[in-house]
Amino acid sequence: QVQLVESGGGLVQAGGSLRLSCAASGRSFSSYGMAWFRQAPGKEREFVVGVSGSGLSTYYDDSVKDRSTISRDNAKNTMYLQMNNLKPEDTAVYYCAASRYYSGGSRLGAGGVDVWGKGTLVTVSS
C-alpha cells in the first residue's frame, strides 16, 4: 500500500503555470494507475487526469485537455501534473490518487480510488 504526498500548489495569476508533484512511498508504485482529482469550494471532487502504471496510457478531462500534461517517473515513485494557462476556475484542492485497478485510457471514478493524498491547494487569481 502506498502513501501519497502532493506538493507544488500555490497562488498563481491567471495565465500562469504550476507543476504539481505526487510523491509515493511504499512498494509497487508502478502497479498502480494514478490520477489527479480536484475539489473546488462547494463542489464535488472531480477527475482531472489519469495515467496507467506504465505511463503509456492517459486520459484528460476536457476542462484541462491541451493545457495540462500528466507524467510519472516510476524510478522516483513520483507523478507530476504540469498545468499551463491556468484559469480562475482551476482553483481547487488537487488530490493525488492511486488505484490498483485503473489501467488508464478512461475516466477514473472516485469510488475506484484505493489511496488518496491529502491534497495541495491551487489558487488562480484573476
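Distance check, rounded to the nearest 0.5 Å: OH of Tyr80 to CZ of Arg72 gives 11.5 Å. Here the straight-line distance linking atom OG of Ser103 with atom CG of Leu56 works out to 12.0 Å at 0.5 Å rounding. The CH2 atom of Trp36 sits 5.0 Å away from the SG atom of Cys22 when rounded to the nearest 0.5 Å. Taking OH of Tyr102 as the start and CZ of Arg107 as the end, the distance is 9.0 Å to the nearest 0.5 Å. In this structure, CZ in Arg38 is found 8.0 Å from CD in Glu89, a value given to the nearest 0.5 Å. Atom OH of Tyr60 and atom OG of Ser68 lie 7.5 Å apart (nearest 0.5 Å).
Between the side chains of Ser71 and Arg19, not a single donor N or O lies within less than 3.5 Å of an accepting N or O. Side chains of Asp73 and Thr78: a donor-acceptor N/O pair is absent below 3.5 angstrom, by distance only.
In this structure, Thr91 contributes its side chain and Thr123 its backbone to no donor-acceptor pair below 3.5 Å. Of the possible donor and acceptor atoms, none in the side chain of Ser52 sits under 3.5 Å from a partner among the backbone N and O of Gly104. A distance-only check finds a donor-acceptor pair linking the side chain of Asp114 to the backbone of Arg100 [under 3.5 Å]. In terms of modelled atom types and a separation under 3.5 Å, the side chain of Ser57 and the main chain of Gly105 share a donor-acceptor contact. Remark: the backbone N or O of Gly112 is paired with a side-chain donor or acceptor of Ser99 at under 3.5 angstrom.
Residues Val124 and Val122 have side chains in contact (heavy-atom distance under 4.5 Å, counting atoms from C-beta outward).
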Just do the side chain to side chain contact (heavy atoms under 4.5 Å, CB included) check on Gln3 and Val115 with the steps written out, would you?
-> CA-CA 7 Å; Gln3 292 180 300; Val115 184; 5.8 Å; no
Thr69/Leu81 under side chain to side chain contact (heavy atoms under 4.5 Å, CB included): CA gap, chis, key distance, verdict | CA-CA 6 Å; Thr69 303; Leu81 178 62; over 6 Å; no
CA sep, side-chain torsions, deciding dist, call: Gln1, Arg27, side chain to side chain contact (heavy atoms under 4.5 Å, CB included) | CA-CA 7 Å; Gln1 189 79 357; Arg27 299 185 179 184; over 6 Å; no
Dump the intermediate steps for side chain to side chain contact (heavy atoms under 4.5 Å, CB included) on Glu6 and Tyr94, then the final yes or no.
-> CA-CA 8 Å; Glu6 303 94 335; Tyr94 284 71; over 6 Å; no
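Considering all non-hydrogen atoms of both residues, Tyr95 and Gly117 come closest at CD2-O, 3.5 Å. Across all non-hydrogen atoms, the minimal contact from Lys43 to Gln39 is O-NE2, 3.1 Å. Across Ser125 and Leu11, no two heavy atoms sit closer than the pair CB-CD1, 4.3 Å. Taking each heavy atom of Thr120 and Gly9 in turn, the nearest pair found is OG1-N, 3.2 Å. Nearest heavy atoms, Ile70 versus Gly50: CD1-C, 3.9 Å. In terms of heavy-atom proximity, Asn74 sits nearest to Ser30 at ND2-CB, 3.5 Å.
Val93 and Met79 are members of different hydrophobic clusters when ILVMFWY side chains are connected at heavy-atom separations under 4.5 Å. Val113 and Tyr32 fall into different hydrophobic clusters, where Ile, Leu, Val, Met, Phe, Trp and Tyr side chains are chained together by heavy-atom contacts under 4.5 Å. Follow the hydrophobic side-chain contacts under 4.5 Å out from Leu108 and you never reach Val64; the two are in separate clusters. Using a 4.5 Å cut-off between side-chain heavy atoms of Ile, Leu, Val, Met, Phe, Trp and Tyr, with links allowed through other members, Met34 and Val2 fall into the same hydrophobic cluster. Neither Tyr59 nor Met83 shares a network with the other; the hydrophobic side chains, linked directly or stepwise wherever heavy atoms of I, L, V, M, F, W or Y lie under 4.5 Å apart, form separate groups for each.
Between Phe37 and Trp116, the two ring planes are perpendicular [angle over 60°; tilted spans 30° to 60°].
Few gaps surround CD on Glu46; more than 12 heavy atoms of other groups in view lie less than 6.0 Å from it.
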